[in-house]
Visitor: 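Would you mind keeping the following structure in view while I ask a few things?
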Amino acid sequence: MRCHAVLCHAMPMTPCYAVPMMPCDAVLRCAVPCQACRAMPMAPGDAVPRVPIPCLSAVGRGGRWAQQRVQVLQALRSDPVGLEGLRAAARGEGGLCPELRPQVWPRLLSVDPCNLPPRPAPPALQDHRDRSQVLLDVARSAPRFPPGMPAEQRQVLQEQLAGLILHVLRAHPQLHYYQGYHDVALTLLLVLGQRRAAPLLEQLSTHHLRDFMDPTMDSTKHILNYLMPLLQRESPRLHDFMQRAEVGTIFALSWLITWYGHVLTDFHHTLRLYDFFLASHPLMPVYFAAAVVLHREEEVLGAPCDMPSLHQLLSRIPPDLPYERLVLRAQELFQRHPHGCLARQHHKSIAIQSFSAFQRAASCQRPNAVLRRQRQEPAGDAAVTPLPAIGHNPLVKVAVWGLSATLGAVALAVTHTALDWGPEFLLRLF
């Protein structure tokens, strides 16, 4: 087992005010009007109280997100699925509307949402060479959960987290656990629930995160080595200053291997970056790291030119970063400086070499309705109220969506248990 000793205890974060969601073809907002939000009914066997949260429309994003919902639903129903439209929504301003993430994230990773594997077994029933370290890291992950969450609820999620990680490691013996991997798994668990998070974590582990899961850190060092050439091309003065200080790139290690989930204190920002990275090239976290350092150029140049001072400064990400501007700058850097021109030495990166094939496979996905017909399976608990045909009037589209969403909320509350859906609602408790 490989240990990234630079990681400290996970930083606390604010809760994500995610909203209820539909399992397949539809999405929904609050099941009741904003003015009259009440605790949602509990599903049979549901141990998680579903308490009201502020309606997202009241946050000021209602208009843009309403338009995004229509565009995403159209992309999800296209045959094949409109993957470029989903990527554009995930990379666009503000990222994805929260209730769309469980619909879009699986598609971005080419996961069939209508053919989910069984829920991972509890950690007590799984064995693995890294089991002790996984359980230790999961036990230390308490600060990553929403503040004020009852201990018994957090313990249930921690057990699910450990089971999720061990499930992926057992299914892929070539993968080696690293400290920080549990941060990625936890983000997926909190957004998707354990069963739906499992295939996504597998895809990430065998593609985007694959270089970090080698038995040695050689591939991880290679990925980090893309950072300094980017800085040199954009700001030779900043690059030379950091070279004189011999600060290296180790300050960005926890950024990359956790997709910034370990270092950001606001979970909304973490989810925004996950939207962006899931829709982008595996090296995009490096380009985003370059955008962060370049944004802080004057601050860095004003610091003492020595390794301890610069490492301490750079390893702490300020809480008030302009994330949307940085996302745009990272995309611009990716276009201006292709990764093939940055590598100073050849290294076999599995994530980079497999990305083209990964994209081709993802572009051939069929919509959920077609997948269900192909398998001749009834919709079952994934049934949703079908939307009538929508025309070109966006107001009509939004009205139809809202009606179907409200109807779907009742089916959701009745048919899904806490084990499948609990994590999504736990995020709204406080």
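Quantities reported herein were computed from a predicted structural model and do not represent experimental measurements.
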Visitor: Counting only N and O atoms by type, is there a donor-acceptor contact under 3.5 Å from the side chain of Y260 to the main-chain atoms of H269?
Guide: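 Checked: no pair found.
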
Visitor: Does the R210 side chain pair with the main chain of S354, one donor and one acceptor, at a distance under 3.5 Å?
Guide: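 It does not hold such a pair.
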
Visitor: Nearest 0.5 Å, please: how far is CD in Q232 from CD in Q243?
Guide: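 Output value for this atom pair is 7.5 Å.
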
Visitor: Which residue, E152, R154, E159, Q160, forms the side chain to side chain contact (heavy atoms under 4.5 Å, CB included) with V156?
Guide: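 The residue from E152, R154, E159, Q160 that satisfies side chain to side chain contact (heavy atoms under 4.5 Å, CB included) with V156 turns out to be Q160.
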
Visitor: If you define the side chain from C-beta out and look only at heavy atoms, does anything of D211 sit under 4.5 Å from H222?
Guide: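 Side chain of D211 against side chain of H222, heavy atoms only: no contact under 4.5 Å found.
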
Visitor: Please tell me if the side chains of V263 and R316 come closer than 4.5 Å, counting only heavy atoms from C-beta onward.
Guide: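 They are not in side-chain contact.
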
Visitor: Tell me, do H239 and R233 make a side-chain contact under 4.5 Å, heavy atoms counted?
Guide: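 They are not in contact (no side-chain heavy atoms under 4.5 Å apart), so the answer is no.
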
Visitor: Where does the angle between the aromatic ring planes of H182 and Y177 fall among parallel (under 30°), tilted (30 to 60°) and perpendicular (over 60°)?
Guide: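 Judged by the thresholds at 30° and 60°, the geometry between H182 and Y177 is tilted.
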
Visitor: Could you grab the distance from atom CG of L264 to atom OG1 of T270, nearest 0.5 Å is fine?
Guide: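 One gets 4.5 Å once the value is rounded to the nearest 0.5 Å.
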
Visitor: Shortest non-hydrogen contact from P282 to A351?
Guide: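 Heavy atoms of P282 and A351 come nearest at CG-O, 3.8 Å.
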
Visitor: Would the number of heavy atoms belonging to other residues, nucleotides or ligands and lying under 6.0 Å from CD of E246 be above 12?
Guide: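 It does not: E246 CD has 12 such atoms or fewer within range.
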
Visitor: Are V191 and Y274 packed together at the side-chain level, in the sense that at least one heavy-atom pair is separated by less than 4.5 angstrom?
Guide: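 No - every pair of side-chain heavy atoms lies 4.5 Å or more apart.
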
Visitor: Using side chain to side chain contact (heavy atoms under 4.5 Å, CB included), reason through F145 and L186 one step at a time and then give a plain yes or no.
Guide: CA-CA 9 Å; F145 290 90; L186 179 58; 3.6 Å; yes

Visitor: Are more than 12 heavy atoms from other residues, nucleotides or ligands located less than 6.0 Å from atom CD of E299?
Guide: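 Yes, the 6.0 Å shell around CD holds more than 12 heavy atoms from other groups.
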
Visitor: Side chains of W105 and V111: does their closest heavy-atom pair fall under 4.5 Å?
Guide: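 SC-SC contact between W105 and V111 ruled out.
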
Visitor: Using only atom types and a distance under 3.5 Å, with no angle test, would you say the side chain of Q203 pairs donor to acceptor with the backbone of L200?
Guide: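 Side chain of Q203 to backbone of L200: no pair is present.
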
Visitor: Is a side-chain N or O of R195 found less than 3.5 angstrom from the main chain of P117, in a donor-acceptor match?
Guide: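 Such a contact is found between R195 side chain and P117 backbone.
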
Visitor: As an exercise, state the distance from CE of M213 to OG1 of T206, rounded to the nearest 0.5 Å.
Guide: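 If I round to the nearest 0.5 Å, the distance is 9.5 Å.
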
Visitor: Run the side chain to side chain contact (heavy atoms under 4.5 Å, CB included) test on W259 and L278 for me, step by step, so that the C-alpha distance in whole Å, both residues' side-chain angles and the decisive distance to 0.1 Å come before the verdict.
Guide: CA-CA 10 Å; W259 276 13; L278 287 170; 3.8 Å; yes

Visitor: Using every non-hydrogen atom in the two residues, find where L342 and P229 come nearest and quote the distance to one decimal.
Guide: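 Nearest heavy atoms, L342 then P229: O-CG, 3.7 Å.
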
Visitor: Look at the side chain of Q365 and the backbone N and O of R107, then say whether any donor-acceptor pair between them is shorter than 3.5 Å.
Guide: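 Here the side-chain-to-backbone pair exists.
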
Visitor: Please name the residue in the list L301, V300, V293 that meets the side chain to side chain contact (heavy atoms under 4.5 Å, CB included) test with E297.
Guide: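 Of all the options given, the one that passes is L301.
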
Visitor: Which atom names give the shortest non-hydrogen contact between L256 and F212, and what distance separates them?
Guide: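 Closest pair (atom of L256, atom of F212, distance): O-CE1, 3.6 Å.
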
Visitor: Report yes if some heavy atom in the side chain of L76 is under 4.5 Å from a heavy atom in the side chain of Q103; otherwise report no.
Guide: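 With C-beta onward as the side chain, the pair touches.
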
Visitor: Quick one, L313 with R296, criterion side chain to side chain contact (heavy atoms under 4.5 Å, CB included). Give me CA distance, side-chain angles, the key distance, then yes/no.
Guide: CA-CA 10 Å; L313 173 67; R296 304 178 67 190; 3.3 Å; yes

Visitor: Classify the ring geometry of Y287 against F334: parallel below 30°, tilted from 30° to 60°, perpendicular beyond 60°.
Guide: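 It falls in the perpendicular class, over 60°.
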
Visitor: Would you name the heavy atoms of S280 and R91 that are closest together and state the gap between them?
Guide: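 Of all heavy-atom pairs spanning S280 and R91, the closest is OG-CD, 3.7 Å.
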
Visitor: Do F241 and L231 come within less than 4.5 Å of each other through their side chains, counting heavy atoms only?
Guide: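 No; the side chains remain at least 4.5 Å from each other.
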
Visitor: Out of curiosity, D214 CG to L175 CG, how far, rounded to the nearest 0.5 Å?
Guide: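 Here the rounded value is 9.0 Å.
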
Visitor: Atom CZ of residue position R325 - does it have more than 12 heavy atoms of other residues, nucleotides or ligands inside 6.0 Å?
Guide: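 Counting other residues, nucleotides and ligands, CZ of R325 stays at 12 neighbours or fewer.
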
Visitor: Do the rings of H207 and F358 sit parallel, tilted or perpendicular, given the 30° and 60° boundaries?
Guide: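 Because their plane-to-plane angle lies in the 30° to 60° range, the rings of H207 and F358 count as tilted.
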
Visitor: Which heavy atom of V81 sits nearest a heavy atom of L86, and at what distance?
Guide: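 Minimum heavy-atom separation between V81 and L86: CG1-CD1, 3.8 Å.
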
Visitor: If the threshold is 4.0 Å, N to carboxylate O, is there a salt bridge linking E84 and R87?
Guide: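 R87 and E84: salt-bridged.
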
Visitor: Walk me through it: do D183 and T187 pass the test side chain to side chain contact (heavy atoms under 4.5 Å, CB included)?
Guide: CA-CA 6 Å; D183 289 290; T187 300; 5.8 Å; no

Visitor: If we ignore hydrogens and angles and just use 3.5 Å, is the side chain of D275 paired with the main-chain N or O of L96 as donor and acceptor?
Guide: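 Yes.
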
Visitor: Within the 4.5 Å heavy-atom criterion, are R129 and L169 side-chain neighbours or not?
Guide: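 No, too far: nothing below the 4.5 Å cut-off.
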
Visitor: Enter the distance from H295:NE2 to L326:CG here, rounded to the nearest 0.5 Å.
Guide: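 Going from the NE2 atom of H295 to the CG atom of L326 covers 6.0 Å.
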
Visitor: Indicate yes or no for a side-chain donor-acceptor contact from Q68 to the backbone of C97 under 3.5 Å, with no hydrogens or angles considered.
Guide: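 It does hold such a pair.
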
Visitor: Would you compute the distance between atom OH of Y178 and atom CG of D130 and round it to the nearest 0.5 angstrom?
Guide: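 With rounding to 0.5 Å, OH (Y178) is 12.5 Å from CG (D130).
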
Visitor: Please name the pair of heavy atoms, one in H339 and one in Y226, separated by the smallest distance, quoted to 0.1 Å.
Guide: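 What the structure gives for the nearest pair is O-CE2, 3.4 Å.
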
Visitor: If only side-chain N and O atoms count, and only distance matters, is there a donor-acceptor pair under 3.5 Å linking H167 with Q126?
Guide: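 No donor-acceptor contact under 3.5 Å links the two side chains.
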
